[in-house]
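Structure first, commentary second.
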Amino acid sequence: MPCFKQPNHFQSLVVLQWPLVYLGLFWIVQPLFICLLFTSLWPLPALYFVWFFLDWKTPEQGGRRSAWVRNWCIWTHMRDYFPIKILKTKDLSPEQNYLMGVHPHGLLTFGAFCNFCTEATGFSKIFPGITPHLATLSWFFKIPLIRDYIMAKGVCSVNKPAIDYLLSHGTGNLVGIVVGGVSEALKSVPNTTTLLLRKHKGFVRLALQRGVHLVPTFTFGETEVYDQVVFHKDSWMYKFQSYFRRTVGFYFCIFYGRGFSRDSIGLLPYPLPIITVVGEPLPLPKMENPSREMVEKYHTLYMDALSKLFDQHKTQYGYSETQKLVFL
């Protein structure tokens, strides 16, 4: 078990809220909301569902972010638990739009959430004039209440219409895509740097179609905060994980961290530093129908830029000089 500092219990509860708030909204609040339809308070949920359907397209049209939610003081406690930091290597001009690759996925993507969905690490002060958005699974936006909560933090749908809207309306928009997707969560094992990127080229094609800059990022420590049980591809458990992924949209990962007391095992992440390094923007030309060769060219340039970014900072954040990124 890693050696780490002992956070206070309040910080531990704050960190747990990140995954548990979705479970709470889905399994507790929503059923109660539906039950209200059969009580004298039925107009309340009825009005919400009417508004829900009228507001259906909002997640694909820029969302509805809230500076108040992004600045909740609770996020600073989450930041301090690990702690989480963001490091700028180059300025981002507010006159441009950006498509940002977020690597690695990790299990719960603590770094990207805290840095780009809240103001706990001071994103707006570090990158003035830039509006960050983090893309996530589209089906989250079809769930009442959850959609409103995540939109308030600047989260957008990962589907093409939603991202295309942000990249084509105004300037200063930064849209982050976890390029490896949920499949990369299975690769989230301490002391590894394996990324699912070699075959993932759709984000490059979209960047070329809109003529926006590509921004590589790497979050050091993201894969260190949990241990994961990894199953062989021929095992029945791996087959169940794959079936779960096809059915629900994400993998059923078995992982563990620490408990509330020292040297105990539980679902709390290990309080180890998480640092997101934002790399230099890679300018791309605008092409309505980029050829396969052009997509391949800029995809290779992006991988080279990401490798360079990792190599420049790896020894500072716990990796050896010989450690390399592995692209699958």
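Keep in mind that what you see is a predicted model, and the values were worked out from it rather than measured.
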Members sharing [X]'s hydrophobic cluster (side chains within less than 4.5 Å):
{"X": "L174", "result": "I86, L92, Y98, M100, V102, F116, F123, I126, F127, I130, L134, V178, V215, V278"}
{"X": "L196", "result": "V326, L328"}
{"X": "V230", "result": "V189"}

Report task. Using a cut-off of 6.0 Å, state whether more than 12 heavy atoms not belonging to K201 lie near its atom NZ. Result -> yes
With a 6.0 Å cut-off (strictly less than), is the heavy-atom count around NZ of K88, excluding the residue itself, greater than 12? yes
hydrophobic_cluster_shared for [Y] and [X], side chain cutoff 4.5 Å:
{"X": "L195", "Y": "L186", "value": "no"}
{"X": "Y298", "Y": "I163", "value": "yes"}
{"X": "V277", "Y": "L306", "value": "yes"}
{"X": "L87", "Y": "F82", "value": "no"}
{"X": "V179", "Y": "L208", "value": "yes"}

For the atom pair [atom1] ([X]) and [atom2] ([Y]), what is the distance rounded to the nearest 0.5 Å?
{"X": "E224", "Y": "S188", "atom1": "CD", "atom2": "OG", "answer": "8.5 Å"}
{"X": "C73", "Y": "R79", "atom1": "SG", "atom2": "CZ", "answer": "11.0 Å"}
{"X": "S183", "Y": "H105", "atom1": "OG", "atom2": "NE2", "answer": "9.0 Å"}
{"X": "I84", "Y": "T276", "atom1": "CD1", "atom2": "OG1", "answer": "7.5 Å"}
{"X": "L284", "Y": "R205", "atom1": "CG", "atom2": "CZ", "answer": "12.5 Å"}
{"X": "C253", "Y": "F231", "atom1": "SG", "atom2": "CZ", "answer": "9.5 Å"}

field: Residues F141, M151; criterion side-chain contact (heavy atoms from CB on, under 4.5 Å); working and verdict
entry: CA-CA 8 Å; F141 298 92; M151 276 198 295; 3.7 Å; yes
By side-chain contact (heavy atoms from CB on, under 4.5 Å), L41 pairs with (sequence neighbours left out) L36, T39
Are [X] and [Y] close enough that some pair of their side-chain heavy atoms sits under 4.5 Å apart?
{"X": "Y81", "Y": "P269", "value": "yes"}
{"X": "V155", "Y": "C117", "value": "yes"}
{"X": "Q312", "Y": "T89", "value": "no"}
{"X": "F203", "Y": "L197", "value": "yes"}
{"X": "Y317", "Y": "F310", "value": "no"}
{"X": "E321", "Y": "K314", "value": "yes"}
{"X": "Y226", "Y": "P190", "value": "no"}
{"X": "K90", "Y": "P281", "value": "yes"}

Flag, side chain of [X] to backbone of [Y], donor-acceptor distance under 3.5 Å:
{"X": "S66", "Y": "V69", "value": "yes"}
{"X": "R70", "Y": "K153", "value": "yes"}
{"X": "T131", "Y": "N173", "value": "no"}
{"X": "E119", "Y": "S124", "value": "yes"}
{"X": "D164", "Y": "K160", "value": "no"}
{"X": "E280", "Y": "A305", "value": "no"}
{"X": "R65", "Y": "P132", "value": "yes"}
{"X": "T193", "Y": "K324", "value": "yes"}

Heavy atoms only: give me the nearest [X]-[Y] pair and the separation to one decimal.
{"X": "V175", "Y": "C156", "result": "CG1-SG, 4.2 Å"}
{"X": "Y256", "Y": "V229", "result": "CE2-CG2, 4.5 Å"}
{"X": "R64", "Y": "D148", "result": "NH2-OD1, 3.2 Å"}
{"X": "H299", "Y": "R198", "result": "CE1-O, 3.3 Å"}

For R210 and N97, what are the C-alpha separation, side-chain angles and deciding distance, and is it a side-chain contact (heavy atoms from CB on, under 4.5 Å)?
CA-CA 9 Å; R210 284 300 170 187; N97 283 327; over 6 Å; no
Name each donor-acceptor pair under 3.5 Å that joins a side chain in residues 236-244 to protein atoms two or more places apart or in another chain, with its distance.
unit_1: Q241; atom_1: NE2; unit_2: F252; atom_2: O; d: 2.8
unit_1: S242; atom_1: OG; unit_2: Y238; atom_2: O; d: 3.1

- Message: Students often mix this up, so state it plainly: with edges at 30° and 60°, are the rings of W75 and F113 parallel, tilted or perpendicular?
- Response: perpendicular
Original post:
Which word best sums up how the rings of W51 and Y48 line up, parallel for under 30°, tilted for 30 to 60°, or perpendicular for over 60°?
Top reply: tilted
Those residues at least two apart in sequence (or on a different chain) that pass side chain to side chain donor-acceptor pair (under 3.5 Å) with R245 are none
Test side-chain contact (heavy atoms from CB on, under 4.5 Å) applied to T300 and E296, step by step
CA-CA 6 Å; T300 299; E296 187 68 37; 3.9 Å; yes
Show, in sequence, the C-alpha distance, side-chain angles and deciding distance for W72 and T118, and conclude whether the side-chain contact (heavy atoms from CB on, under 4.5 Å) test is met. CA-CA 8 Å; W72 281 351; T118 82; over 6 Å; no
Output field: ring centroids W56/F52 closer than 6.0 Å: yes
